[in-house]
Amino acid sequence: QVQVVESGGGLVQAGGSLRLSCAASGRTFRYYAMGWFRQAPGKEREFVAAISQSGDSTAYADSVKGRFTVSRDNAKNTVYLQMSSLKPEDTAVYYCAASPRRFTIAQCMGVNWYDYWGQGTQVTVSS
């Protein structure tokens with residue numbers, strides 16, 4: 001079992017950058033694929049990015065490709081989401097999630113593929 005806690009959210013102007021962090025508990029962090037999702041008011045939770053257990057494979061939603069970068073540091077039990085060129089439509093609560101399953105590009109985009117979720121961190125982009 002793993003627990004995850006997000007941090008790094010805040011208020012930023014359009015065009016700005018933020019880096020989100022997700023710290024995980026336990027010694028088995030390296031066995032989990034990690035994902036980032038977001039949920040805006042009145043909308044369903046949507047996939048943002050994911051990274052495999054080793055970090056050698058990543059996946060991104062089309063809406064963030066070229067602007068967001070997911071990475072991980074297994075020595076620090078932490079996964080990151082570097083967000084650049086932020087837009088007002090990026091405003092949402094961002095969630096980190098962990099999955100013990102073998103990473104595939106197709107499956108990592110599904111909410112139900114993940115077993116453990118954090119409480120979320122708010123990102124607000126002003127125009």
Side-chain angles (χ1 to χ4, degrees):
Q1 188 170 352
V2 63
Q3 293 181 325
V4 295
V5 179
E6 306 93 338
S7 63
L11 174 64
V12 63
Q13 288 188 332
S17 299
L18 275 178
R19 188 177 80 160
L20 305 183
S21 298
C22 173
S25 64
R27 300 179 180 179
T28 59
F29 174 73
R30 65 186 182 276
Y31 297 134
Y32 289 84
M34 302 298 294
W36 286 97
F37 288 75
R38 66 188 182 187
Q39 189 166 17
K43 295 188 177 181
E44 292 187 352
R45 192 168 297 190
E46 65 173 5
F47 172 77
V48 175
I51 188 166
S52 65
Q53 284 82 345
S54 64
D56 59 356
S57 295
T58 57
Y60 295 93
D62 288 344
S63 59
V64 306
K65 277 181 182 176
R67 300 189 299 122
F68 290 11
T69 302
V70 61
S71 62
R72 67 189 294 161
D73 185 338
N74 284 348
K76 295 183 178 180
N77 281 15
T78 303
V79 62
Y80 305 96
L81 185 68
Q82 178 67 49
M83 305 185 295
S84 303
S85 302
L86 283 161
K87 305 175 182 180
E89 51 263 44
D90 294 318
T91 295
V93 177
Y94 282 70
Y95 297 91
C96 175
S99 172
R101 299 168 181 82
R102 185 176 65 89
F103 183 87
T104 68
I105 297 294
Q107 291 185 308
C108 75
M109 299 182 183
V111 171
N112 294 328
W113 193 69
Y114 296 86
D115 291 353
Y116 306 103
W117 292 82
Q119 294 300 306
T121 185
Q122 177 72 46
V123 172
T124 303
V125 184
S126 63
S127 57

S.K.: Which heavy atom of Asn74 sits nearest to which heavy atom of Phe29, and what is that distance?
M.R.: OD1-CE2, 3.2 Å
S.K.: Is there side-chain contact between Leu81 and Arg38, with at least one heavy-atom pair below 4.5 Å?
M.R.: no
S.K.: Hey, is the main chain of Ser17 close enough, under 3.5 Å, to the side chain of Ser84 for a donor-acceptor pair?
M.R.: no
S.K.: Is it the case that the side chain of Thr28 and the backbone of Tyr31 share a donor-acceptor pair, with hydrogens and angles ignored and the cut-off at 3.5 Å?
M.R.: no
S.K.: Can you give me the closest heavy-atom contact between Val2 and Ser25, atom names plus distance?
M.R.: CG2-O, 3.1 Å
S.K.: Quick one: are Tyr80 and Asp73 in side-chain contact, heavy atoms under 4.5 Å?
M.R.: yes
S.K.: Please check if the side chain of Gln53 supplies one atom and the backbone of Arg102 the other of a donor-acceptor pair under 3.5 Å.
M.R.: no
S.K.: Drop me the distance from Asn77's CG to Gln3's CD, to the nearest 0.5 angstrom.
M.R.: 12.5 Å
S.K.: Nearest heavy-atom pair of Asp90 and Ser85: which atoms, and what distance?
M.R.: OD2-O, 4.4 Å
S.K.: Distance check, rounded to the nearest 0.5 Å: Met83 atom CE versus Arg19 atom CZ?
M.R.: 11.5 Å
S.K.: Is the closest side-chain heavy-atom distance between Val79 and Trp36 below 4.5 Å?
M.R.: yes
S.K.: Looking at side-chain heavy atoms only, is the closest gap between Leu11 and Gln122 below 4.5 Å?
M.R.: no
S.K.: So which atom in Cys96 and which in Glu6 form the shortest heavy-atom distance, rounded to 0.1 Å?
M.R.: N-OE2, 2.8 Å
S.K.: So, using ring pair (Phe, Tyr, Trp, His ring centres under 6.0 Å) as the criterion, who are the partners of Phe37 when residues are at least two apart?
M.R.: Phe47, Tyr114, Trp117
S.K.: Does Arg101 reach the main-chain N or O of Cys108 with its side chain, forming a donor-acceptor pair under 3.5 Å?
M.R.: no
S.K.: Measure the CG-CD distance between Leu20 and Gln82 for me, rounded to the nearest 0.5 Å.
M.R.: 9.0 Å
S.K.: Judged by atom type as modelled, is there a donor-acceptor pair below 3.5 Å linking the side chain of Ser127 to the main-chain atoms of Pro88?
M.R.: no
